[in-house]
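Values below: every heavy atom of this structure, side chains too, minus hydrogens, waters and symmetry copies.
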Amino acid sequence: LTNPGPITASASTNATNTSGLTYSAIAINDLSGTLTNITNSGSISATTSMATSIKASASAAAANTQTTVAAYLGNATSDITFTNTGTILGDITFGNGNDTLTVSGTPSQKATITSGNNAHAAIIDFGLGDNTLSMTGQTSVTGTVIATNGDLNVNVGGGSTLILTNSVTGLVSGQSPQPDVGTGGF
């Protein structure tokens, strides 16, 4: 899949008296598990929004579940190569292969990955395998980065920013918990 433009999914509600409302926006949903190469130079966006009256009530907002998935690739058993030089709003779930997520930007085209809503941070789940997150140039990734039952090598180059909403401990399984952060740092 090569995406130079927008791929967009959104879910919203105007309901004012809801309890336990669940709604999801999924931009790419690979049910077959055969999508193994994605290049995004445009935008992949999954967003949700709720009625203003629900937002105003912390207890009502907490009782509702919003899911924003930019790319669900969790059925894959082969290696996935995902290159982002554009913008991604929402979660990314990889499968059971040795997956690579490369985020690369320039001063004129910053590459970003962040949440598609304000309810939670973006989640990048690498799943099983020997996985790699590589950031170079003008890039920003904000969210929870995990490797469920797998290994994850993280490389953050100069000009890049990785803001984790989870602990670095255990991020690189089987190695020192400090990933290679290059000159960009966290």
Next on the checklist: With rounding to the nearest 0.5 angstrom, report the OG1 to CG distance, T81 to N98.
Outcome noted: 10.0 Å
Item to check | Point-to-point distance, once rounded to the nearest 0.5 Å, from OG1 of T165 to CD1 of I123 | outcome: 7.5 Å
Item to check | Residue among I163, N84, I113 satisfying side-chain contact (heavy atoms from CB on, under 4.5 Å) with V141 | outcome: I113
Checklist entry - Do you know the tightest heavy-atom contact between A46 and A27? => result CB-N, 4.3 Å
Item to check | Candidate pair S134 and T136, rule side-chain contact (heavy atoms from CB on, under 4.5 Å), full reasoning | outcome: CA-CA 7 Å; S134 180; T136 60; 4.3 Å; yes
Next on the checklist: Under the side-chain contact (heavy atoms from CB on, under 4.5 Å) test against N3, which residue among I44, I28, I38 passes?
Outcome noted: I44
Next on the checklist: For A11 versus S24, what's the shortest heavy-atom pair and its separation?
Outcome noted: CB-O, 3.4 Å
Checklist entry - Do you know which two heavy atoms are closest between N131 and G97, and how far apart they sit? => result OD1-O, 3.3 Å
Checklist entry - Could you give the distance from OH (Y72) to CD1 (I26), rounded to the nearest 0.5 Å? => result 9.5 Å
Checklist entry - Can T34 and S32 be said to form a side-chain hydrogen bond (donor to acceptor under 3.5 Å, both in side chains), step by step? => result CA-CA 5 Å; T34 58; S32 68; 2.7 Å; yes
Next on the checklist: side-chain contact (heavy atoms from CB on, under 4.5 Å) for V69 and N29? Distances and angles first, verdict last.
Outcome noted: CA-CA 8 Å; V69 179; N29 190 6; over 6 Å; no
Next on the checklist: I88 vs F82, test: side-chain contact (heavy atoms from CB on, under 4.5 Å). Steps then yes/no.
Outcome noted: CA-CA 12 Å; I88 297 176; F82 196 135; 3.6 Å; yes
Checklist entry - Are side-chain N/O atoms of S160 and T139 paired as donor and acceptor at under 3.5 Å? => result yes
Item to check | Main-chain N/O of D151 paired to D130 side chain as donor or acceptor, under 3.5 Å | outcome: no
Checklist outcome for this item: Between the CG atom in N153 and the OG1 atom in T100, the distance rounded to the nearest 0.5 Å is 9.5 Å
Next on the checklist: Looking only at side-chain N and O atoms, does T85 offer a donor or acceptor that is under 3.5 Å from a partner on S104?
Outcome noted: no
Checklist entry - Considering all heavy atoms of both residues, which atom of M135 and which atom of T161 are nearest to each other, and what is their separation? => result CE-O, 3.1 Å
Checklist entry - Side chains of T142 and T114: do they bring a donor and an acceptor to under 3.5 Å? => result no
Checklist entry - Distance from L89 atom CG to T48 atom OG1, nearest 0.5 Å? => result 11.0 Å
Checklist entry - Linking I/L/V/M/F/W/Y whenever their side-chain heavy atoms sit closer than 4.5 Å, directly or via other members, would L128 and V145 fall into one cluster? => result no
Checklist entry - Which heavy atom in A122 sits nearest to a heavy atom in G90, and how many Å separate them? => result CB-O, 3.9 Å
Next on the checklist: Side chains of N75 and D30, heavy atoms from C-beta outward: is any pair under 4.5 Å?
Outcome noted: no
Item to check | Separation of T36 OG1 from D79 CG (nearest 0.5 Å) | outcome: 8.5 Å
